[in-house]
Chemist: 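Just passing along the structure, written as structure tokens.
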Amino acid sequence: MIKAYAVHEPKGELKPFEYDPGLLGDNEVEIDVKHCGICHSDLSMIDNEWGMTQYPLVPGHEVVGTISSTGGNVSHLKIGDFVGLGWHSGYCMTCSACLSGDHNLCSSAQSTIVAHHGGFADKVRANAVSVVKLPDSIDRESAGPLFCGGITVFNPLVQFDIKPTDKVGVIGIGGLGHMALQFLNVWGCEVTAFTSSEKKKTEALELGAHHTLDSRESSEIEAASGQFDFIISTVNVKLDWNT
Ligand SMILES: [Zn+2]
Ligand SMILES: [Zn+2]
């Protein structure tokens, strides 16, 4: 039995929950969960904001742990390997997206927390191809968020070919933005954080921003006109785009 925490109704509380995962599939692995991040999407799923939550729901899709069991066809992961698991826990492996290496676009990808029990548990299962082996050098305790918020802000830097000489603005210094600042800083970019509070200004500078800009001050925004090669917005509220 897998011991987990589950929510049984929209906006419900997480309560201890056990389930029998059945036989391990040939292409699956089981992970002993060591750490798991909390993402805003876990909260959206708990509250059924997207209308696709199936209860009982075991949230958790920023998993870090060790492989405790492998299916018969799994050869690239072995028991004891330190791994991470994110939003997806399986792919069809035959569609054109999967065959082009764009597994994240697979229309029949299995989500880790939709019709599947996630990482707020002692163990979680996933298709082995969706599990990423972690390098030894990584801080395992804080690695979990790389598998959701982290990949979300890293991906555009690759997709849009951001260069170390680029000047980049980051709007919203929260779960996603704080990682964007760190990535961009070590990438070599000149980084500006758009923030709305004094407390976040100091934090943004500590995380790797070279400059901060008060996003509520239209004069500061105007002064920055034409300064950026790229702006990444991590906020999910409407902004004054005309400004
Ligand atoms: Zn596919
Ligand atoms: Zn997430």
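It should be emphasised that the depicted structure is a prediction, and the values quoted were computed from it without experimental measurement. Throughout, numbering of the chain's residues begins at 1 and tracks the sequence. Just so you know, these numbers use all the heavy atoms, side chains as well, and skip hydrogens, waters and symmetry mates. Just follow the structure's listing: the first ligand is 1, and inside any ligand the first atom is 1.
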Chemist: Taking the six-membered ring for Trp, are F17 and F120 ring centroids under 6.0 Å apart?
Modeler: no
Chemist: Counting distance only, does the side-chain N/O of S130 pair as donor-acceptor with the main-chain N or O of S89 below 3.5 Å?
Modeler: yes
Chemist: Who passes ring-ring contact (aromatic ring centres under 6.0 Å, His included) against F154, sequence neighbours left out?
Modeler: F183, W187
Chemist: Thinking salt bridges, do D81 and K78 make one under a 4.0 Å N-O criterion?
Modeler: yes
Chemist: Which pairs, with at least one residue in residues 22-71 and sequence neighbours excluded, count as a ring-ring contact (aromatic ring centres under 6.0 Å, His included)?
Modeler: H61-W87
Chemist: Less than 2.8 Å from the Zn ion (ligand 1) is the window; count the protein N, O or S atoms in it.
Modeler: 4
Chemist: Given SG of C148 on one side and NE2 of H61 on the other, what angle do they make at the Zn ion (ligand 2), to 10°?
Modeler: 120°
Chemist: With sequence neighbours left out, what residues match E49 under side chain to side chain donor-acceptor pair (under 3.5 Å)?
Modeler: S44
